[in-house]
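Reading through the C-alpha coordinates given below for one structure.
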There are 2 protein chains.
Amino acid sequence: MDRRIMKTQEALKKAVIELMSEKNFDEITIQDIADRANVNRGTIYLHYQDKYDLLDKLIETHINELGEMGEWACELEWAEALVPYFEYFERNYLFFSTMLASKGTPSSFRTRLLSSFIEGFKGEIDRASDRNQAINDDVMLQFTGTAYVGVIEWWIKNGMPYPPQEMAKQVGALLGRSF
Amino acid sequence: MDRRIMKTQEALKKAVIELMSEKNFDEITIQDIADRANVNRGTIYLHYQDKYDLLDKLIETHINELGEMGEWACELEWAEALVPYFEYFERNYLFFSTMLASKGTPSSFRTRLLSSFIEGFKGEIDRASDRNQAINDDVMLQFTGTAYVGVIEWWIKNGMPYPPQEMAKQVGALLGRSF
DNA sequence: ATGGATCTGTTCATATATCAACACAATGAT
DNA sequence: ATCATTGTGTTGATATATGAACAGATCCAT
(Lines give C-alpha, C1' and ligand atoms only; values in the text may rest on other atoms or scores of the structure.)
Protein backbone atom coordinates (compact mmCIF):
# COMPACT_ATOMS: atom_id res chain seq x y z
CA MET A 1 0.00 0.00 0.00
CA ASP A 2 1.22 3.47 -0.84
CA ARG A 3 2.97 5.25 2.00
CA ARG A 4 0.81 8.33 1.59
CA ILE A 5 -2.36 6.31 2.00
CA MET A 6 -1.04 4.69 5.15
CA LYS A 7 0.03 7.98 6.65
CA THR A 8 -3.21 9.73 5.81
CA GLN A 9 -5.38 6.94 7.15
CA GLU A 10 -3.30 6.63 10.29
CA ALA A 11 -3.57 10.34 10.90
CA LEU A 12 -7.32 10.28 10.33
CA LYS A 13 -7.92 7.36 12.64
CA LYS A 14 -5.76 8.88 15.33
CA ALA A 15 -7.64 12.13 14.93
CA VAL A 16 -11.02 10.47 15.35
CA ILE A 17 -9.93 8.65 18.46
CA GLU A 18 -8.58 11.81 20.01
CA LEU A 19 -11.64 13.82 19.15
CA MET A 20 -13.97 11.13 20.45
CA SER A 21 -12.18 11.22 23.75
CA GLU A 22 -12.95 14.93 23.91
CA LYS A 23 -16.49 15.20 22.65
CA ASN A 24 -19.45 13.25 21.44
CA PHE A 25 -19.16 11.66 18.02
CA ASP A 26 -22.20 13.55 16.75
CA GLU A 27 -20.64 16.92 17.42
CA ILE A 28 -17.45 16.04 15.60
CA THR A 29 -17.33 17.62 12.19
CA ILE A 30 -15.47 16.49 9.13
CA GLN A 31 -13.51 19.69 9.28
CA ASP A 32 -12.53 18.92 12.88
CA ILE A 33 -11.12 15.61 11.81
CA ALA A 34 -9.30 17.13 8.87
CA ASP A 35 -7.79 19.83 11.06
CA ARG A 36 -6.70 17.43 13.74
CA ALA A 37 -5.18 15.05 11.24
CA ASN A 38 -3.62 17.95 9.37
CA VAL A 39 -5.19 16.81 6.14
CA ASN A 40 -7.29 18.52 3.55
CA ARG A 41 -11.01 18.07 4.11
CA GLY A 42 -11.48 16.67 0.63
CA THR A 43 -8.85 14.05 1.21
CA ILE A 44 -11.10 12.34 3.71
CA TYR A 45 -13.59 11.60 0.97
CA LEU A 46 -10.89 9.88 -1.04
CA HIS A 47 -10.82 7.20 1.64
CA TYR A 48 -14.18 7.18 3.39
CA GLN A 49 -17.81 7.85 2.63
CA ASP A 50 -18.35 10.02 5.68
CA LYS A 51 -17.37 10.15 9.31
CA TYR A 52 -19.50 7.10 10.14
CA ASP A 53 -17.68 5.09 7.54
CA LEU A 54 -14.39 6.28 8.98
CA LEU A 55 -15.36 5.20 12.48
CA ASP A 56 -16.58 1.91 11.11
CA LYS A 57 -13.36 1.18 9.28
CA LEU A 58 -11.40 2.20 12.33
CA ILE A 59 -13.20 -0.34 14.45
CA GLU A 60 -12.96 -2.95 11.74
CA THR A 61 -9.22 -2.51 11.53
CA HIS A 62 -8.78 -3.35 15.18
CA ILE A 63 -11.22 -6.23 15.09
CA ASN A 64 -9.31 -7.68 12.16
CA GLU A 65 -5.94 -7.26 13.78
CA LEU A 66 -7.22 -9.00 16.86
CA GLY A 67 -8.56 -11.76 14.69
CA GLU A 68 -5.24 -12.33 12.98
CA MET A 69 -3.46 -12.50 16.31
CA GLY A 70 -5.71 -15.38 17.23
CA GLU A 71 -4.60 -17.58 14.38
CA TRP A 72 -1.03 -16.73 15.09
CA ALA A 73 -1.22 -17.61 18.77
CA CYS A 74 -3.05 -20.91 18.60
CA GLU A 75 -1.17 -23.98 19.75
CA LEU A 76 -0.18 -22.08 22.88
CA GLU A 77 -1.27 -22.27 26.48
CA TRP A 78 -3.89 -19.69 27.32
CA ALA A 79 -1.70 -17.79 29.74
CA GLU A 80 0.90 -17.25 27.06
CA ALA A 81 -1.44 -16.83 24.14
CA LEU A 82 -3.18 -13.94 25.86
CA VAL A 83 -0.09 -11.86 26.43
CA PRO A 84 0.00 -10.30 22.95
CA TYR A 85 -3.70 -9.49 23.28
CA PHE A 86 -3.31 -7.55 26.48
CA GLU A 87 -0.25 -5.87 25.11
CA TYR A 88 -2.33 -4.87 22.12
CA PHE A 89 -5.02 -3.43 24.36
CA GLU A 90 -2.39 -1.53 26.27
CA ARG A 91 -0.74 -0.20 23.13
CA ASN A 92 -4.08 1.02 21.84
CA TYR A 93 -5.32 2.21 25.17
CA LEU A 94 -6.85 5.43 23.96
CA PHE A 95 -8.79 3.61 21.29
CA PHE A 96 -10.26 1.00 23.57
CA SER A 97 -11.00 3.30 26.45
CA THR A 98 -12.71 5.72 24.11
CA MET A 99 -14.71 3.10 22.29
CA LEU A 100 -15.78 1.35 25.45
CA ALA A 101 -16.65 4.59 27.21
CA SER A 102 -18.20 6.69 24.48
CA LYS A 103 -21.96 6.56 24.75
CA GLY A 104 -22.74 8.15 21.41
CA THR A 105 -20.80 5.55 19.49
CA PRO A 106 -22.93 4.14 16.73
CA SER A 107 -22.66 0.44 15.99
CA SER A 108 -21.82 -0.49 19.55
CA PHE A 109 -18.20 -1.41 19.66
CA ARG A 110 -18.60 -3.70 22.62
CA THR A 111 -20.99 -5.90 20.70
CA ARG A 112 -18.68 -6.25 17.75
CA LEU A 113 -15.82 -7.08 20.05
CA LEU A 114 -17.86 -9.76 21.74
CA SER A 115 -18.87 -11.37 18.45
CA SER A 116 -15.27 -11.40 17.38
CA PHE A 117 -14.13 -13.12 20.55
CA ILE A 118 -16.91 -15.67 20.44
CA GLU A 119 -15.98 -16.45 16.87
CA GLY A 120 -12.39 -16.91 17.94
CA PHE A 121 -13.35 -19.14 20.85
CA LYS A 122 -15.13 -21.65 18.67
CA GLY A 123 -13.12 -24.82 18.54
CA GLU A 124 -11.58 -24.19 21.92
CA ILE A 125 -14.22 -26.11 23.78
CA ASP A 126 -12.90 -29.26 25.32
CA ARG A 127 -15.01 -32.09 23.94
CA ALA A 128 -12.39 -34.70 24.71
CA SER A 129 -13.21 -35.06 28.36
CA ASP A 130 -16.82 -35.36 29.39
CA ARG A 131 -16.92 -32.56 31.92
CA ASN A 132 -18.60 -30.30 29.37
CA GLN A 133 -21.15 -32.88 28.29
CA ALA A 134 -24.08 -31.05 29.81
CA ILE A 135 -23.10 -27.65 28.46
CA ASN A 136 -24.19 -26.35 25.07
CA ASP A 137 -21.72 -24.59 22.80
CA ASP A 138 -23.92 -21.50 22.81
CA VAL A 139 -23.89 -21.28 26.55
CA MET A 140 -20.21 -21.94 26.83
CA LEU A 141 -19.28 -19.36 24.21
CA GLN A 142 -21.59 -16.69 25.58
CA PHE A 143 -20.31 -17.32 29.08
CA THR A 144 -16.62 -17.13 28.28
CA GLY A 145 -17.04 -14.41 25.67
CA THR A 146 -18.84 -11.97 27.92
CA ALA A 147 -16.48 -12.83 30.75
CA TYR A 148 -13.48 -12.01 28.61
CA VAL A 149 -14.95 -8.76 27.29
CA GLY A 150 -16.01 -7.85 30.77
CA VAL A 151 -12.57 -8.19 32.28
CA ILE A 152 -11.01 -6.23 29.46
CA GLU A 153 -13.58 -3.51 29.86
CA TRP A 154 -12.93 -3.33 33.58
CA TRP A 155 -9.18 -3.37 33.10
CA ILE A 156 -9.24 -0.55 30.54
CA LYS A 157 -11.75 1.63 32.34
CA ASN A 158 -9.77 1.37 35.55
CA GLY A 159 -6.57 2.55 33.95
CA MET A 160 -4.97 -0.87 33.53
CA PRO A 161 -4.15 -1.48 37.20
CA TYR A 162 -2.10 -4.61 36.41
CA PRO A 163 0.49 -5.16 33.70
CA PRO A 164 -0.56 -7.06 30.57
CA GLN A 165 1.50 -10.11 31.51
CA GLU A 166 -0.25 -10.38 34.85
CA MET A 167 -3.66 -10.01 33.27
CA ALA A 168 -2.82 -12.65 30.68
CA LYS A 169 -1.80 -15.07 33.38
CA GLN A 170 -4.89 -14.64 35.51
CA VAL A 171 -7.44 -14.44 32.73
CA GLY A 172 -5.66 -17.32 31.01
CA ALA A 173 -6.12 -19.47 34.09
CA LEU A 174 -9.82 -18.64 34.26
CA LEU A 175 -10.42 -19.30 30.57
CA GLY A 176 -8.57 -22.59 30.80
CA ARG A 177 -10.82 -23.60 33.65
CA SER A 178 -13.97 -22.82 31.67
CA PHE A 179 -13.32 -24.54 28.37
CA MET B 1 3.11 26.46 2.16
CA ASP B 2 1.63 23.18 1.03
CA ARG B 3 0.70 20.86 3.86
CA ARG B 4 2.58 17.97 2.30
CA ILE B 5 5.79 19.97 2.20
CA MET B 6 5.43 20.91 5.83
CA LYS B 7 4.74 17.36 6.90
CA THR B 8 7.56 15.90 4.88
CA GLN B 9 10.10 18.43 6.08
CA GLU B 10 8.98 18.08 9.67
CA ALA B 11 9.31 14.33 9.44
CA LEU B 12 12.74 14.61 7.88
CA LYS B 13 14.03 17.05 10.46
CA LYS B 14 12.66 14.97 13.29
CA ALA B 15 14.28 11.91 11.78
CA VAL B 16 17.68 13.56 11.54
CA ILE B 17 17.56 14.72 15.13
CA GLU B 18 16.60 11.27 16.34
CA LEU B 19 19.26 9.56 14.29
CA MET B 20 21.91 12.03 15.38
CA SER B 21 21.12 11.26 18.98
CA GLU B 22 21.80 7.62 18.19
CA LYS B 23 24.84 7.68 15.97
CA ASN B 24 27.40 9.92 14.38
CA PHE B 25 26.22 12.13 11.56
CA ASP B 26 28.73 10.61 9.16
CA GLU B 27 27.34 7.15 9.55
CA ILE B 28 23.79 8.24 8.91
CA THR B 29 22.69 7.33 5.43
CA ILE B 30 20.08 9.00 3.29
CA GLN B 31 18.15 5.77 3.35
CA ASP B 32 18.23 5.80 7.14
CA ILE B 33 16.66 9.22 7.18
CA ALA B 34 14.06 8.23 4.62
CA ASP B 35 13.14 5.12 6.58
CA ARG B 36 12.90 6.91 9.88
CA ALA B 37 10.80 9.69 8.40
CA ASN B 38 8.70 7.17 6.51
CA VAL B 39 9.35 8.95 3.26
CA ASN B 40 10.62 7.85 -0.10
CA ARG B 41 14.34 8.28 -0.50
CA GLY B 42 13.89 10.33 -3.63
CA THR B 43 11.57 12.72 -1.84
CA ILE B 44 14.48 13.99 0.23
CA TYR B 45 16.13 15.31 -2.90
CA LEU B 46 13.03 17.31 -3.72
CA HIS B 47 13.77 19.41 -0.66
CA TYR B 48 17.46 19.20 0.06
CA GLN B 49 20.73 18.82 -1.79
CA ASP B 50 22.06 16.13 0.52
CA LYS B 51 22.12 15.26 4.18
CA TYR B 52 24.46 18.14 4.95
CA ASP B 53 22.04 20.57 3.41
CA LEU B 54 19.26 19.01 5.44
CA LEU B 55 21.19 19.43 8.66
CA ASP B 56 22.06 22.96 7.68
CA LYS B 57 18.48 23.94 7.00
CA LEU B 58 17.41 22.28 10.21
CA ILE B 59 19.81 24.41 12.20
CA GLU B 60 18.89 27.50 10.21
CA THR B 61 15.23 26.99 10.98
CA HIS B 62 15.85 27.10 14.70
CA ILE B 63 18.25 30.01 14.49
CA ASN B 64 15.63 31.94 12.54
CA GLU B 65 12.84 31.12 14.93
CA LEU B 66 14.97 32.25 17.80
CA GLY B 67 15.73 35.43 15.92
CA GLU B 68 12.08 36.21 15.36
CA MET B 69 11.29 35.66 19.02
CA GLY B 70 13.78 38.40 19.83
CA GLU B 71 11.97 41.07 17.87
CA TRP B 72 8.74 40.02 19.37
CA ALA B 73 9.98 40.15 22.96
CA CYS B 74 11.76 43.48 22.94
CA GLU B 75 10.35 46.20 25.15
CA LEU B 76 10.21 43.70 27.98
CA GLU B 77 12.28 43.23 31.08
CA TRP B 78 14.95 40.60 30.64
CA ALA B 79 13.48 38.22 33.15
CA GLU B 80 10.21 38.11 31.24
CA ALA B 81 11.66 38.33 27.78
CA LEU B 82 13.74 35.22 28.36
CA VAL B 83 10.85 32.98 29.35
CA PRO B 84 9.77 32.13 25.79
CA TYR B 85 13.37 31.38 24.92
CA PHE B 86 13.87 28.86 27.65
CA GLU B 87 10.49 27.38 26.90
CA TYR B 88 11.62 27.03 23.31
CA PHE B 89 14.80 25.26 24.39
CA GLU B 90 12.77 22.96 26.56
CA ARG B 91 10.27 22.21 23.81
CA ASN B 92 13.10 21.37 21.42
CA TYR B 93 15.18 19.60 23.99
CA LEU B 94 16.23 16.72 21.77
CA PHE B 95 17.40 19.08 19.08
CA PHE B 96 19.49 21.25 21.33
CA SER B 97 20.96 18.46 23.38
CA THR B 98 21.89 16.58 20.25
CA MET B 99 23.38 19.56 18.48
CA LEU B 100 25.32 20.72 21.50
CA ALA B 101 26.56 17.24 22.29
CA SER B 102 27.24 15.73 18.88
CA LYS B 103 30.93 15.93 18.12
CA GLY B 104 30.70 15.03 14.47
CA THR B 105 28.38 17.89 13.69
CA PRO B 106 29.71 19.87 10.77
CA SER B 107 29.35 23.64 10.86
CA SER B 108 29.53 23.84 14.62
CA PHE B 109 26.10 24.61 15.90
CA ARG B 110 27.38 26.31 19.02
CA THR B 111 29.19 28.91 16.97
CA ARG B 112 26.14 29.75 14.90
CA LEU B 113 24.07 30.02 18.01
CA LEU B 114 26.56 32.39 19.58
CA SER B 115 26.64 34.64 16.51
CA SER B 116 22.88 34.74 16.51
CA PHE B 117 22.71 35.80 20.14
CA ILE B 118 25.42 38.41 19.76
CA GLU B 119 23.53 39.82 16.82
CA GLY B 120 20.40 39.96 18.92
CA PHE B 121 22.19 41.61 21.81
CA LYS B 122 23.35 44.55 19.75
CA GLY B 123 21.46 47.63 20.81
CA GLU B 124 20.91 46.31 24.29
CA ILE B 125 24.03 47.93 25.69
CA ASP B 126 23.26 50.69 28.13
CA ARG B 127 24.93 53.83 26.79
CA ALA B 128 22.70 56.18 28.73
CA SER B 129 24.54 55.84 32.00
CA ASP B 130 28.32 56.03 32.01
CA ARG B 131 29.06 52.81 33.83
CA ASN B 132 29.89 51.13 30.53
CA GLN B 133 32.08 53.93 29.28
CA ALA B 134 35.29 51.96 29.54
CA ILE B 135 33.88 48.85 27.89
CA ASN B 136 33.94 48.24 24.17
CA ASP B 137 30.90 46.87 22.37
CA ASP B 138 32.91 43.91 21.15
CA VAL B 139 33.95 42.96 24.64
CA MET B 140 30.51 43.43 26.07
CA LEU B 141 28.83 41.37 23.35
CA GLN B 142 31.36 38.58 23.47
CA PHE B 143 31.12 38.47 27.23
CA THR B 144 27.35 38.31 27.48
CA GLY B 145 26.98 36.16 24.39
CA THR B 146 29.27 33.39 25.53
CA ALA B 147 27.82 33.60 29.01
CA TYR B 148 24.32 33.13 27.68
CA VAL B 149 25.28 30.25 25.40
CA GLY B 150 27.26 28.73 28.21
CA VAL B 151 24.38 28.65 30.64
CA ILE B 152 22.04 27.23 28.06
CA GLU B 153 24.55 24.56 27.17
CA TRP B 154 24.97 23.65 30.82
CA TRP B 155 21.23 23.65 31.44
CA ILE B 156 20.51 21.39 28.46
CA LYS B 157 23.36 18.98 29.03
CA ASN B 158 22.37 18.55 32.66
CA GLY B 159 18.82 17.61 31.81
CA MET B 160 17.26 20.99 32.54
CA PRO B 161 17.51 20.86 36.34
CA TYR B 162 15.41 24.01 36.77
CA PRO B 163 12.16 25.01 35.05
CA PRO B 164 12.35 27.51 32.19
CA GLN B 165 10.72 30.26 34.24
CA GLU B 166 13.33 29.93 36.94
CA MET B 167 16.16 29.98 34.43
CA ALA B 168 14.70 33.04 32.74
CA LYS B 169 14.54 34.88 36.05
CA GLN B 170 18.08 34.13 37.09
CA VAL B 171 19.75 34.54 33.72
CA GLY B 172 17.62 37.63 33.17
CA ALA B 173 18.99 39.18 36.36
CA LEU B 174 22.56 38.45 35.31
CA LEU B 175 22.10 39.82 31.81
CA GLY B 176 20.47 42.94 33.18
CA ARG B 177 23.45 43.45 35.43
CA SER B 178 25.90 43.17 32.55
CA PHE B 179 24.42 45.49 29.98
C1' DA C 1 43.64 -5.13 -7.39
C1' DT C 2 39.25 -6.96 -8.01
C1' DG C 3 34.67 -7.97 -7.40
C1' DG C 4 30.43 -7.58 -4.82
C1' DA C 5 27.77 -4.80 -2.12
C1' DT C 6 26.07 -0.51 -0.58
C1' DC C 7 25.24 4.34 -1.13
C1' DT C 8 24.26 8.30 -4.00
C1' DG C 9 21.90 11.40 -6.98
C1' DT C 10 18.80 11.53 -10.92
C1' DT C 11 15.03 10.39 -14.07
C1' DC C 12 10.34 8.93 -15.44
C1' DA C 13 5.55 7.68 -15.28
C1' DT C 14 2.09 7.41 -12.08
C1' DA C 15 -0.57 7.88 -7.68
C1' DT C 16 -2.13 10.65 -4.19
C1' DA C 17 -3.05 15.05 -1.78
C1' DT C 18 -4.09 19.79 -2.15
C1' DC C 19 -6.74 24.01 -2.75
C1' DA C 20 -10.48 26.59 -4.41
C1' DA C 21 -14.88 26.63 -5.85
C1' DC C 22 -19.49 24.97 -6.14
C1' DA C 23 -24.44 23.60 -4.94
C1' DC C 24 -26.98 22.08 -1.47
C1' DA C 25 -28.61 20.80 3.31
C1' DA C 26 -28.92 21.74 8.20
C1' DT C 27 -28.78 24.80 11.93
C1' DG C 28 -29.81 28.72 14.73
C1' DA C 29 -30.81 33.51 15.80
C1' DT C 30 -33.77 37.45 14.95
C1' DA D 1 -40.64 32.74 8.40
C1' DT D 2 -36.22 34.35 6.91
C1' DC D 3 -31.68 35.08 6.67
C1' DA D 4 -26.93 34.28 7.80
C1' DT D 5 -23.91 30.76 9.17
C1' DT D 6 -21.99 26.43 9.19
C1' DG D 7 -21.43 21.82 7.52
C1' DT D 8 -21.52 18.46 3.54
C1' DG D 9 -20.12 16.15 -0.53
C1' DT D 10 -18.22 16.81 -5.20
C1' DT D 11 -15.43 18.53 -8.94
C1' DG D 12 -11.19 20.01 -11.64
C1' DA D 13 -6.68 21.74 -12.18
C1' DT D 14 -2.43 21.50 -10.06
C1' DA D 15 1.36 20.23 -6.77
C1' DT D 16 3.78 16.92 -4.41
C1' DA D 17 5.18 12.16 -3.23
C1' DT D 18 5.98 7.57 -4.76
C1' DG D 19 8.38 3.44 -6.59
C1' DA D 20 11.32 1.60 -9.84
C1' DA D 21 15.13 1.88 -12.42
C1' DC D 22 19.61 3.71 -13.76
C1' DA D 23 24.70 4.93 -13.74
C1' DG D 24 28.38 6.23 -11.15
C1' DA D 25 30.82 6.42 -6.61
C1' DT D 26 32.53 4.46 -2.46
C1' DC D 27 33.62 0.88 0.56
C1' DC D 28 35.24 -3.56 2.09
C1' DA D 29 36.57 -8.27 2.13
C1' DT D 30 39.02 -11.49 -0.40
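Only heavy atoms go into these numbers, but all of them, side chains included; no hydrogens, no water, no symmetry mates.
A heavy atom closer than 4.0 Å to some atom of DNA chain D occurs in A/R4, A/K7, these being the qualifying members of residues 4-12 of chain A.
The backbone N or O of A/Y52 sits less than 3.5 Å from a side-chain atom of A/D50, completing a donor-acceptor pair. With A/K13 contributing its side chain and A/I59 its backbone, the two residues share no donor-acceptor pair below 3.5 Å. The closest donor-acceptor contact from the side chain of A/K57 to the backbone of A/Y48 lies at 3.5 Å or more, if one exists at all. A/K51 places no side-chain N or O within 3.5 Å of a backbone atom of A/V16 that could act as its donor or acceptor partner.
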Could you run down the sub-3.5 Å N/O contacts of the protein with nucleotides 8-11 of chain C?
unit_1: C/dT8; atom_1: OP2; unit_2: B/T29; atom_2: OG1; d: 2.5
unit_1: C/dT8; atom_1: OP2; unit_2: B/I30; atom_2: N; d: 3.0
unit_1: C/dG9; atom_1: OP2; unit_2: B/Y45; atom_2: OH; d: 3.0
unit_1: C/dG9; atom_1: N7; unit_2: B/R41; atom_2: NH1; d: 2.9
unit_1: C/dG9; atom_1: O6; unit_2: B/R41; atom_2: NH2; d: 3.0

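Taking the six-membered ring for Trp and the full ring otherwise, A/F86 and A/W78 have centroids separated by 6.0 Å or more.
Per the geometry, CG belonging to A/D2 stands 5 Å off P belonging to C/dT16, to the nearest Å. Atoms CZ (A/R3) and C1' (D/dG19) sit 9 Å apart, rounded to a whole Å. Atom pair B/E27:CD and C/dC7:C1' shows a separation of 15 Å (rounding to whole Å applied). If you measure from atom CE of A/M1 to atom C1' of D/dA17, you get 16 Å, rounded to the nearest angstrom. Taking atom CG of B/N38 as the reference point, atom C1' of D/dT18 lies 12 Å away to the nearest angstrom. If you take CD1 of A/I33 and C1' of C/dA17, they are 17 Å apart, rounded to a whole angstrom. The CG atom of B/D32 sits 13 Å away from the P atom of C/dT6 (whole-angstrom rounding).
A salt bridge does not link B/K14 with B/E10: none of the charged nitrogens is closer than 4.0 Å to a carboxylate oxygen.
A 4.5 Å side-chain heavy-atom check between A/W155 and A/E90 finds at least one atom pair inside the cut-off. Side chains of A/R127 and A/D137 form a contact here, defined as non-hydrogen atoms less than 4.5 Å apart.
Between B/N40 and the phosphate of D/dG19, there is a side-chain N or O to OP1/OP2 separation shorter than 4.0 Å. The shortest distance between the side-chain N/O atoms of A/H47 and the OP1/OP2 oxygens of C/dT16 is not below 4.0 Å.
Counting only N and O atoms by type, the side chains of B/D35 and B/Q31 include a donor and acceptor under 3.5 Å apart.
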